There are 2 protein chains.
Amino acid sequence: MAAGSRASFGRVAVALCIPHRRRNPAPLFPASPPPRMDDLYTMPGHLIRRAQQISTALFTEECAGFDLTSVQFAALTAIKANPDVDATRLSALIAFDRSTIGDVLERLEAKGWILRSASQGDRRVKLLRITPAGSKLLRDVLPAVKRVQERLLAPLAPEDRVTMIRLLTGLAELHNEVTPAPLRIAAQR
Amino acid sequence: MAAGSRASFGRVAVALCIPHRRRNPAPLFPASPPPRMDDLYTMPGHLIRRAQQISTALFTEECAGFDLTSVQFAALTAIKANPDVDATRLSALIAFDRSTIGDVLERLEAKGWILRSASQGDRRVKLLRITPAGSKLLRDVLPAVKRVQERLLAPLAPEDRVTMIRLLTGLAELHNEVTPAPLRIAAQR
DNA sequence: CTCATAAAGACAGTATACGGTCAATCCCGG
DNA sequence: CCGGGATTGACCGTATACTGTCTTTATGAG
C-alpha cells in the first residue's frame with residue numbers, strides 16, 4: 001500500500017512538478033495558445049478535482065464496512081450536533097445543495113440512523129434527529145474518519161499541513177457566496 | 001457579485017477561522033468524543049469538498065453559454081493534445097474513471113466536438129480526435145477557463161496562491177496511487 | 001380576512017463518479 | 001495453432017451535485 005502509493009513519483013513528477021518558475025511574476029496562468037497538458041496539470045480546478053478524488057478514495061478505504069459515505073458522515077454529524085434541525089437548515093450547516101440532501105436523508109433514514117418527524121408548528125417541515133444506532137455508528141466510525149484526515153495530509157511536510165488547512169479554509173470562506181450552497185453557521189429562521 | 005461574495009465573512013469566520021492552536025503540537029485532529037461542527041469544518045475532507053464546489057460554481061458561471069463542463073474541457077484539451085488516443089489512455093491522462101469517460105465522450109461526440117473512429121490495428125479500440133468545431137470551441141472558451149483559475153485563487157494573498165498550487169500538486173502526486181483513477185503521464189501501450 | 005409572496009420538501013432531468021460485470025478481441029506461452 | 005489471461009469499451013447500479021418546477025403551507029400587507 002504505502003509502497004505502492006510511492007511507486008510512481010518520478011513518472012508523474014514529469015508533469016506535476018513544482019509550479020514552473022516564470023520570468024515575469026505577473027500572470028499566474030500563461031498566454032492564449034492551445035492549452036497544453038502541462039497547463040491543465042497546474043490548473044487549480046484540475047488539482048482540486050484530484051484532491052477530491054483522493055479524499056473520497058481514502059474515506060472509502062478507511063470506512064469500508066460501515067456502509068457510509070463522507071457526505072452521509074457530515075450530515076449525521078450535523079444532525080447529532082443540531083437536534084431537530086430541518087433539511088433546509090441542515091443543508092446550510094454543511095454547505096449541501098438542498099436538492100441533494102433529500103436523497104441523502106432518505107438513505108440515512110432507511111439505514112435507521114436518523115428519524116424524520118413532522119413538525120408541530122409548521123406542517124411543511126420535517127425535523128431531523130439521530131437515532132441511538134446512528135450515534136453508535138458515528139462513535140464507531142470516528143477513528144476511521146480521523147485516519148482519513150490524517151492520511152490526506154500525511155504526505156505533506158508538517159508545516160505544510162497547517163498551511164493547507166489555512167489556505168483551504170480561506171478559500172472556502174472567501175468564496176462562500178459564489179457556491180450554490182453557501183455555508184451558514186447561524187441557521188436563522 | 002463581488003460585494004455579495006464578501007458580505008458574510010464575519011458570520012462564516014465564526015467557525016471557519018484559522019485552525020485552532022493546540023497546546024501539544026502532536027495530533028492535528030483531536031480526541032474521540034462526539035464530533036462537533038467545529039471539527040467538521042476544519043477537516044481537510046470537508047474543505048476539499050467545498051473547494052470543489054467553488055471550482056465548479058466558478059466554471060459554470062464563467063463558461064455559461066458554452067454548454068461545456070470542466071470535465072468536458074479537460075477531456076477535449078487532452079484529446080487535442082493527444083490525437084488518436086483511445087478512451088482508456090485518455091482516462092489515465094486526465095485521471096478520470098474509466099467507467100465515467102464513456103458518457104463524457106458520448107456527449108462530446110453528440111455536440112460534434114470529437115470523432116470516435118474504429119482503430120485499424122485493434123478492433124476493440126476507438127480512436128479519439130478533436131474536430132474543427134471542437135478546436136474552435138476550445139479556443140473560444142480558453143479565456144473564460146483562465147478567468148476561472150485566476151478567480152479561484154484571487155482571494156488568497158499572492159504568495160499563498162503559489163503555495164496553494166504547490167501543496168495541491170504535492171497532494172495529487174504523492175497520493176496518486178490511492179485513487180481509483182491514477183494519473184499516468186506516459187500512456188504506455 | 002384575503003391575497004400575493006415566500007418557504008419547505010418532493011421530484012424530474014442532466015452530469016459526474018465509482019464499483020462491478022460482460023462480450024468481443026488481442027496476445028502470449030506452449 | 002490454441003487456449004487462457006488480459007484489455008477495451010459498453011452497461012448496470014448506486015451516490016452525489018445542481019437546475020428548475022410543483023404542491024403544500026405560512027405569513028405578512030392591506
Side-chain angles (χ1 to χ4, degrees), chain A residues 45 49-50 52-61 64 67-75 85-92 94-111 116-128 178-182 187-189, chain B residues 49-50 52-61 63-64 67-75 85-92 94-111 116-128 178-182 187-189:
Chain A
R49 186 179 61 81
R50 296 279 288 131
Q52 171 73 35
Q53 268 183 331
I54 290 162
S55 174
T56 301
L58 290 179
F59 194 99
T60 302
E61 184 184 323
D67 190 25
L68 181 80
T69 68
S70 59
V71 158
Q72 291 168 12
F73 170 79
V85 273
D86 60 278
T88 298
R89 255 142 293 281
L90 175 65
S91 70
I94 48 185
F96 269 34
D97 192 276
R98 265 196 37 187
S99 299
T100 306
I101 207 146
D103 296 312
V104 176
L105 294 177
E106 197 174 305
R107 283 184 278 270
L108 289 178
E109 189 180 33
K111 291 188 242 199
R116 283 196 282 188
S117 58
S119 165
Q120 289 297 336
D122 189 334
R123 283 194 292 171
R124 295 170 303 179
V125 169
K126 290 184 178 176
L127 301 180
L128 304 169
V178 308
T179 67
Q188 74 287 12
R189 301 234 28 178
Chain B
R49 185 178 63 82
R50 296 279 289 132
Q52 170 74 34
Q53 266 184 333
I54 290 162
S55 173
T56 301
L58 289 180
F59 194 100
T60 302
E61 184 184 323
C63 301
D67 191 24
L68 180 80
T69 69
S70 60
V71 157
Q72 291 168 12
F73 169 79
V85 274
D86 59 278
T88 297
R89 254 143 294 283
L90 175 65
S91 70
I94 47 185
F96 268 34
D97 193 277
R98 266 196 38 187
S99 300
T100 305
I101 206 147
D103 296 312
V104 176
L105 294 177
E106 197 175 305
R107 282 183 278 270
L108 289 178
E109 190 179 32
K111 291 188 240 197
R116 283 195 282 189
S117 58
S119 166
Q120 289 297 336
D122 188 333
R123 283 193 292 170
R124 295 169 304 179
V125 169
K126 290 184 178 177
L127 301 180
L128 304 169
V178 309
T179 66
Q188 73 286 12
R189 303 230 33 172

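Any value given below was found using the heavy atoms of this structure, including those in side chains, with hydrogens, waters and symmetry copies removed. In what follows, chains carry the letters A, B, and so on, assigned in the order in which the sequence lines appear, proteins first and then strands, with residues in each chain numbered from 1. These figures come from a predicted structure and were not determined experimentally.
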ask   = If you pin A/Asp67 and B/Ala87 to their nearest nucleotides in DNA chain D, which one's is more 5'?
value = B/Ala87
query = Any side-chain N or O of B/Thr88 less than 4.0 Å from the OP1 or OP2 oxygen of D/dT7?
reply = no
message = Tell me the interatomic distance from A/Leu128, atom CG, to C/dG9, atom C1', rounded to whole angstroms.
response = 11 Å
Given DNA chain C, 5'-ward residue of the pair B/Lys111 and A/Ala57, judged by closest heavy atom = B/Lys111
inquiry  = Measuring from the side chain of B/Val125 (C-beta onward, heavy atoms only), which nucleotide among C/dT16, D/dT8, C/dG9 has the closest atom?
reply    = D/dT8
query = Do A/Asp67 and A/Lys111 meet the salt-bridge criterion of a basic N to acidic O distance under 4.0 Å?
reply = yes
message = For a quick check, tell me whether the side chain of B/Thr100 and the base of C/dT16 share a donor-acceptor pair closer than 3.5 Å.
response = no
Base C/dA24 to side chain B/Arg124, donor-acceptor N/O within 3.5 Å cut-off = no
ask   = Would you say A/Leu90 and A/Asp86 make side-chain contact, with heavy atoms under 4.5 Å?
value = no
query = Mapping A/Arg49 and A/Gly102 onto DNA chain C by nearest heavy atom, which one lands closer to the 5' end?
reply = A/Gly102
inquiry  = Can you tell me how far apart CG (A/Leu128) and CD1 (A/Ile101) are? Round to the nearest 0.5 Å.
reply    = 8.0 Å
query = In Å, rounded to the nearest 0.5 Å, how long is the span from CD of A/Gln52 to CD of B/Gln53?
reply = 9.0 Å
query = C/dC18 phosphate, OP1 or OP2: any side-chain N/O from A/Thr56 under 4.0 angstrom?
reply = no
task = Figure out the CG/C1' separation between A/Asp97 and D/dG20, and round it to whole Å.
result = 11 Å
ask   = Mapping B/Ser99 and A/Gln52 to their closest nucleotides on DNA chain D, which lands nearer the 5' end?
value = B/Ser99
inquiry  = Holding to salt bridge (charged side-chain N to carboxylate O under 4.0 Å, His left out), I want the full list of residues that pass it with A/Glu109, two or more places apart in sequence or in another chain.
reply    = A/Arg116
note = Rounded to whole Å, the CD1-P distance (A/Ile101 to D/dC18) equals 11 Å
inquiry  = Without decimals, in angstroms, what is the distance between A/Lys126 NZ and C/dA7 C1'?
reply    = 16 Å
task = To the nearest Å, give me how far apart CZ (A/Arg107) and P (D/dA15) are.
result = 5 Å
task = Look at the side-chain N and O atoms of A/Arg116 and state whether any lies under 4.0 Å from the OP1 or OP2 oxygen of C/dA10.
result = yes
request  = Find the distance A/Asp103:CG to D/dT16:C1' and express it as a whole number of Å.
outcome  = 9 Å
key: Interatomic distance where CZ belongs to A/Arg98 and C1' belongs to C/dA7 [whole Å]   = 7 Å
task = Starting from C1' on D/dG9, measure out to CD on B/Glu109 and report it in whole angstrom.
result = 13 Å
